[in-house]
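Each remark here refers to the structure printed beneath this line.
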Amino acid sequence: MKTAQCSRPDRRQLSAALADQRSRHLLSCLQDSPATVRDLAVALAATELGCARSAVTPSDRRQHRRQLDQHYLPRLTDAGLLDRSPDGFVRYVPATLERFDVRFPSLEEPANPTWAAAAAVLGRAYRYSLVAVLAERESVSLSRLADRLATTDGVTATPRELAIACHHIDLPKLASVDLLSYDADARTVRSGPAIETVL
């Protein structure tokens, strides 16, 4: 049986998919068994409308199915988290997440704020190393952090390039999910309260 699964998803696709609570809810619905798109639409509508599945109207089901078909299912499939088969079933692919060192919360809790932190760490290959450095030290300068990241396997950027990327992109993103705090004026980084949740 052929499936439409992406074999090697891009980290950013995976990060974006996991950052979205509705996407995580869909994965939660699929973690124990596959489902049809119609069944997923009914489950999603029931959750969002706060009603029993039997109370979902055909109109609500069609609206949610359209959203699934046009946005959520392609996004999750491209991220390697879903497998859509010709028999009409959609399956969750847990092996995609198992490739990463990041600790993910349970899919039974799609609203858990730790998901946002885990998704942020996935966004770039060196972010896990960045967070690991902060777990070892309470505080580090941006230049020292960039020097350390430059020695990470697979990183080809120079320490200067890493410092610029961290200053403008990575540190603000990771600070927004409480993994760290960043003093841009002093160029110092401190570990945040959520750091232990992803390591």
Side-chain angles (χ1 to χ4, degrees), residues 1-100 102-125 127-128 165 168-170 172-174 176-179 194 197-198:
M1 171 186 338
K2 285 193 161 198
T3 60
Q5 178 188 352
C6 178
S7 61
R8 203 70 169 148
D10 177 86
R11 294 179 75 90
R12 289 183 183 164
Q13 288 175 311
L14 186 57
S15 174
L18 291 176
D20 180 75
Q21 186 172 334
R22 183 183 267 183
S23 294
R24 295 190 307 267
H25 176 71
L26 291 171
L27 295 175
S28 175
C29 290
L30 293 168
Q31 77 175 352
D32 293 328
S33 62
T36 64
V37 178
R38 182 185 192 282
D39 290 342
L40 282 175
V42 170
L44 184 62
T47 298
E48 292 182 357
L49 297 171
C51 65
R53 290 181 184 203
S54 59
V56 172
T57 66
S59 173
D60 288 330
R61 185 190 73 238
R62 282 191 301 274
Q63 176 187 358
H64 283 80
R65 172 140 189 183
R66 212 172 11 260
Q67 292 171 357
L68 289 173
D69 286 334
Q70 293 176 1
H71 181 69
Y72 293 98
L73 296 180
R75 179 187 218 184
L76 290 166
T77 302
D78 289 347
L81 292 166
L82 293 185
D83 177 38
R84 295 183 72 179
S85 58
D87 64 1
F89 282 89
V90 179
R91 292 169 179 81
Y92 167 55
V93 181
T96 301
L97 295 181
E98 292 165 2
R99 294 180 326 152
F100 299 98
V102 177
R103 184 175 8 156
F104 296 97
S106 169
L107 278 173
E108 293 173 7
E109 301 176 83
N112 185 327
T114 304
W115 276 108
V121 170
L122 280 178
R124 291 188 181 218
R127 282 186 182 167
Y128 184 85
H168 291 287
I169 300 167
D170 301 303
K173 177 66 177 177
L174 297 174
S176 74
V177 292
D178 294 329
L179 287 169
T197 64
V198 297

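Numbering of residues begins at 1 and proceeds along the displayed sequence. The figures here come from the full heavy-atom set of this structure, side chains too, leaving out hydrogens, waters and symmetry mates.
The heavy-atom pair separating R91 from P34 by the smallest distance is CG-CB, 3.4 Å. Nearest heavy-atom pair across L68 and P74 is O-CD, 3.4 Å. Closest approach of A118 to V198, counting heavy atoms only: N-CG1, 3.7 Å. Residue A79 comes nearest to A17 through the heavy atom pair CB-CB, 4.0 Å, listed as atom of the first residue, atom of the second, then distance. The minimum heavy-atom distance linking F89 with D87 is given by the pair N-OD1, 3.1 Å.
Here the side chains of L27 and L82 are in contact, with some heavy-atom distance below 4.5 Å. By the 4.5 Å heavy-atom criterion applied to side chains, V90 and T77 are not counted as neighbours. Counting heavy atoms from C-beta outward, P58 and R62 have side chains that approach closer than 4.5 Å.
Here the CG-CG distance, from L174 to L179, works out to 5.5 Å after rounding to the nearest 0.5 Å. Here the straight-line distance linking atom CG of D32 with atom CD of E108 works out to 7.0 Å at 0.5 Å rounding. The structure places CD of Q13 at 11.0 Å from CG of L76, a figure rounded to the nearest 0.5 Å. Taking OH from Y92 and OG from S28, the interatomic distance works out to 10.0 Å, rounded to the nearest 0.5 Å. The distance from the CG atom of L73 to the CZ atom of R75 is 12.0 Å, given to the nearest 0.5 Å. In this structure, L107 CG and R24 CZ are separated by 9.5 Å, a value rounded to the nearest 0.5 Å.
Residues forming a salt bridge (charged side-chain N to carboxylate O under 4.0 Å, His left out) with R124 (at least two apart in sequence, or on another chain): D170. By the ring pair (Phe, Tyr, Trp, His ring centres under 6.0 Å) test, F104 is found to be paired with W115, residues two or more places apart in sequence or in another chain being considered.
Annotation for R38: atom CZ does not count as buried by contact number, only 12 or fewer foreign heavy atoms lying within 6.0 Å.
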Apply side chain to side chain contact (heavy atoms under 4.5 Å, CB included) to the pair L97 and L81, showing each step before the final yes or no.
CA-CA 8 Å; L97 295 181; L81 292 166; 3.9 Å; yes
Identify every side-chain donor-acceptor pair in residues 40-51 under 3.5 Å, counting partners at least two apart or on other chains, and give the distances.
unit_1	atom_1	unit_2	atom_2	d
T47	OG1	H25	NE2	3.2
T47	OG1	A43	O	3.0
E48	OE1	R22	NH2	2.5
E48	OE1	H64	NE2	3.0
E48	OE2	R22	NE	2.6
E48	OE2	R22	NH2	2.8

